[in-house]
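Reviewing the structure listed below.
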Amino acid sequence: MKTTDPNNIHPQDMRNLFIFFLAAVIVYFLYTHMIIKPQQQALRESQKEYLQVEAQKPEAPTKMLPRGEALAESPRIGIDNGVISGSIALRGARLDDISFHHYFKTLEKKENVELLSPKNSEFPRYIEYGWVPADKKTKVPDSDTLWRVQGNDKLAKDNPVTLTWDNGQGLRFERLYTIDDAYLITIDQKIVNNSGASVTLHPYGLVTQTGHPPFYEGMWISHEGPIGFIGDKLMEVKYQKLWKEPVHEFTGAKGWAGITDKYWLTALMPAQDVDTKYRVSRSGDMPGKRKKGEPLPKDWGKYQVDFTGGPVTIEAGASGGSVSHMFTGAKEVIKLNEYGRKTGVPNFNMAVDFGWFWFMTKPFFYILHFFDTYIGNMGVAIILLTIVIRSAVFPLTNVSYRSFAKMKKVSPQVLELRKSYGEDKKKLQEELVKLYEREGVNPLAGCFPILVQIPIFFSLYKVLVITIEMRHAPFFGWIHDLSAADPTNIFNLFGLIDWDPPVFMHIGIWPLLMMSLMYVQKQLNPPPQDPIQRDMTLYMPLVLTYIMAKFAAGLVVYWTFSALIGVIQQIIIMKSLNVPIHLFGESEEEKQLEQAVKEGPAVHPLMEMAEKDAEAALASVTDGGDKPIITPPKGRRKKKK
């Protein structure tokens with residue numbers, strides 16, 4: 001009789017259970033390794049072969065054609081919305097011809113900027129859209145396909161264009177192009193399936209460029225090359241990096257990608273909220289060594305940015321498709337913001353490289369844009385921004401200038417101390433420290449405004465250099481481009497002498513005005529107590545003028561008016577403290593003090609006061625009691641004479 005106790009299992013049942021478990025494990029592994037894995041491998045190979053837009057392979061060398069002849073190689077439909085103009089090649093349905101109505105290559109405004117050009121031209125860059133079939137037997141349009149125009153034959157605002165092509169297998173491909181009043185082109189790709197069977201395809205888009213464009217600058221201050229925002233990350237790949245790592249892949253449900261220049265952008269914006277694969281690639285031979293200043297060879301690599309969208313399955317007798325956008329235009333910040341909202345792509349305005357100090361560069365730009373909108377002159381907008389910035393830092397500069405005025409006021413007493421303790425450096429320094437402390441001179445007051453000016457200066461410089469709103473923006477007189485250096489030059493008497501000096505000898509009128517105001521500021525500041533500091537303050541305006549002469553004229557205008565406001569502020573403070581002012585000369589006492597500093601000894605009372613303040617600040621940091629949690633540094637040992 002068999003037991004019914006559930007805790008006691010019959011040996012025969014135990015054996016059967018073990019055999020069943022072992023058989024299940026064997027079947028599982030056999031099924032996994034012999035059926036599932038081969039299917040997964042086949043699927044991966046299929047995806048690798050079909051569901052990825054391959055980087056274009058180097059084409060056989062072709063004869064370089066003038067741009068007009070290259071455009072004539074294919075029948076075309078025109079594009080013109082009053083802002084951009086160009087054409088779409090019917091062979092391959094490539095967008096390879098775009099130029100601007102209102103942006104020119106030079107100030108003479110003779111040649112319009114050309115952003116896109118066909119593949120056999122000197123600087124090829126073009127956009128191509130299409131489909132990748134899941135079944136390689138399905139014929140899809142390629143770069144040699146000749147499309148037919150249905151209806152309108154010119155793309156303009158409120159005047160769309162439709163292209164069609166039949167693959168001969170029951171699939172009809174249609175493309176509807178629409179354009180707004182600026183730089184956004186929408187492409188609605190549709191497939192009508194009359195093949196009798198369902199088909200699955202993946203939409204793709206690519207922008208391809210051979211070599212570097214003619215307006216490539218390669219400056220450290222802004223990114224040029226492949227760019228995008230995919231998922232939640234900014235993607236920037238430098239051209240040089242692609243020579244080391246030719247392929248970079250990214251995935252995301254939201255995003256955009258393209259190729260950026262300093263002022264221009266060619267970008268693809270696929271359907272959002274769909275898993276999309278993006279890729280940046282480079283093909284071609286590594287260029288040889290070039291001499292300094294030699295232009296890049298025209299075939300210096302082929303760069304491609306592409307995307308492959310999610311699967312689109314179309315049942316027999318039905319239709320389906322995908323809608324994408326492409327941007328071909330100037331990086332106007334307001335337009336980028338508008339298109340980001342309109343298309344739903346994330347952070348489209350990050351095509352403008354506002355940099356690490358974006359929290360300063362962006363406000364500066366929007367303030368300048370606001371002033372320029374109402375005034376109509378970017379130079380005046382810069383002056384108004386200067387007033388805004390100086391007002392914001394007024395509390396700091398006010399403390400600094402008051403400290404300078406007090407130091408200037410006690411100059412006669414400093415001279416007397418030097419006469420009394422001229423040979424005793426230690427005693428002289430001690431007495432100077434006591435004097436400055438008694439008169440309320442802040443040793444760090446002059447440092448903070450300078451430190452604050454550094455990020456302000458860099459941020460404004462970046463705004464003036466990278467934003468297209470500053471490009472070819474005129475001021476008054478001889479300044480026709482605030483993003484370029486002052487074109488005048490003192491070494492040819494501002495054009496009176498028929499001679500073009502070398503670049504290193506370029507110093508214009510605005511830099512000279514800036515230097516003059518810096519020397520006025522020097523006259524208002526107290527004399528340094530060290531010969532080295534004295535020489536630095538003497539020659540610093542010359543050095544800065546030479547450097548700034550090569551910078552954007554808008555930046556020099558800012559610096560000049562900032563110095564002018566500083567001079568006015570200092571004069572007002574000095575008068576309120578009854579400090580004598582000598583703008584264009586020195587008093588007898590100042591001359592004597594300068595001679596005394598020159599003869600020595602060199603002392604640094606402000607440095608010693610700053611050290612005392614720092615030690616006092618460290619010693620005052622406590623951890624809930626009187627005992628400091630940081631031990632102040634020991635004083636420096638005095639060297640024996």
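For this chain, numbers begin at 1 and follow the sequence in order.
Within the 4.5 Å cutoff, side-chain heavy atoms of Leu171 are placed close to those of Phe173. A heavy-atom distance below 4.5 Å is not found between the side chains of Ile179 and Leu184. The side-chain heavy atoms of Tyr126 and Lys119, taken from C-beta on, include a pair separated by under 4.5 Å.
Between Arg67 and Glu114 there is a salt bridge, with a side-chain nitrogen of the basic residue lying less than 4.0 Å from a carboxylate oxygen of the acidic one. Between Glu174 and Arg172, at least one side-chain N (NZ, or NE/NH1/NH2) sits under 4.0 Å from a carboxylate O, which counts as a salt bridge. One finds a salt bridge joining Lys254 and Asp273 here, because a Lys/Arg side-chain nitrogen approaches an Asp/Glu carboxylate oxygen to under 4.0 Å. Ionic pairing of Asp96 and Arg91 is not present here: no N-O contact between side-chain nitrogen and carboxylate oxygen is shorter than 4.0 angstrom.
For the residue pair Gln209 and Tyr239, a side-chain donor N or O sits within less than 3.5 Å of a side-chain acceptor on the partner. Thr266 and Arg125 share a donor-acceptor pair across their side chains, judged by distance under 3.5 Å alone.
Between the side chain of Gln272 and the backbone N or O of Pro270, at least one donor-acceptor pair lies under 3.5 Å. A distance-only check finds no donor-acceptor pair linking the side chain of Asp306 to the backbone of Leu206 [under 3.5 Å]. A distance-only check finds no donor-acceptor pair linking the side chain of Glu332 to the backbone of Ile468 [under 3.5 Å]. Side chain of Asp481 to main chain of Leu107: no donor-acceptor pair is present (N/O by atom type, distance under 3.5 Å, no hydrogens or angles). Here the side chain of Gln240 pairs no donor or acceptor atom with the backbone of Leu242 at under 3.5 angstrom. Side chain of Asn152 to main chain of Lys154: no donor-acceptor pair is present (N/O by atom type, distance under 3.5 Å, no hydrogens or angles). Of the possible polar contacts, one joining the Asn167 side chain to the Gln169 backbone as a donor-acceptor pair under 3.5 Å is found. Remark: the backbone N or O of Thr308 is not paired with any side-chain donor or acceptor of His202 at under 3.5 angstrom. A donor-acceptor pair under 3.5 Å is absent between the side-chain atoms of His212 and the main chain of Phe215, judged by distance alone.
Across all non-hydrogen atoms, the minimal contact from Tyr339 to Ala182 is OH-CB, 3.2 Å. Between Val503 and Lys550, the shortest heavy-atom distance links the atoms O-CE, 3.2 Å. Between Ala316 and Gly196, the shortest heavy-atom distance links the atoms CB-C, 3.5 Å. Residues Val323 and Asp188 approach most closely at CG2-OD1, 3.6 Å, considering heavy atoms. When all heavy atoms of Gly255 and Val345 are compared, the closest pair comes out as O-CG1, 3.9 Å. The heavy-atom pair separating Phe100 from Thr328 by the smallest distance is CE2-O, 4.2 Å.
Among residues two or more places apart in sequence or in another chain, the ring pair (Phe, Tyr, Trp, His ring centres under 6.0 Å) test is passed with Tyr183 by Phe327. Residues passing the ring pair (Phe, Tyr, Trp, His ring centres under 6.0 Å) test with Phe457 are Trp559, sequence neighbours excluded. A search for side chain to side chain donor-acceptor pair (under 3.5 Å) contacts involving Asn112 returns nothing, not counting sequence neighbours. For Thr145, the side-chain contact (heavy atoms from CB on, under 4.5 Å) criterion is met by Pro141, Asp142, Trp147, Trp165, not counting sequence neighbours. Applying the ring pair (Phe, Tyr, Trp, His ring centres under 6.0 Å) test to Phe104 and every residue at least two apart in sequence or in another chain returns nothing. In this structure, the side chain to side chain donor-acceptor pair (under 3.5 Å) partners of Thr186, at least two apart in sequence or on a different chain, are His325. For His369, the ring pair (Phe, Tyr, Trp, His ring centres under 6.0 Å) partners at least two apart in sequence or on another chain are Phe365. Judged as a side chain to side chain donor-acceptor pair (under 3.5 Å), and not counting sequence neighbours, the contacts of Lys262 are Glu217. For Thr251, there are no side chain to side chain donor-acceptor pair (under 3.5 Å) partners two or more places apart in sequence or in a different chain.
Judged by a 6.0 Å distance limit and a 45° cone about the ring axis, Arg282 is not positioned over the six-membered ring of Tyr303.
Pairs passing the side chain to side chain donor-acceptor pair (under 3.5 Å) check and including a residue from residues 455-472, sequence neighbours excluded, do not occur. Applying the side chain to side chain donor-acceptor pair (under 3.5 Å) test to every pair with at least one member in residues 340-362, sequence neighbours left out, gives these pairs: Asn337-Asn349. The side chain to side chain donor-acceptor pair (under 3.5 Å) pairs that include a residue from residues 191-200 are Asn193-Ser195, Thr200-Thr313, where partners are two or more places apart or lie in different chains.
When each of Leu155, Leu176, Thr178 is paired with Val161, the side chain to side chain contact (heavy atoms under 4.5 Å, CB included) condition holds for Leu155 and for no other.
Outside the 6.0 Å centre-distance limit, the rings of Trp256 and Tyr278 are not counted as a close aromatic pair.
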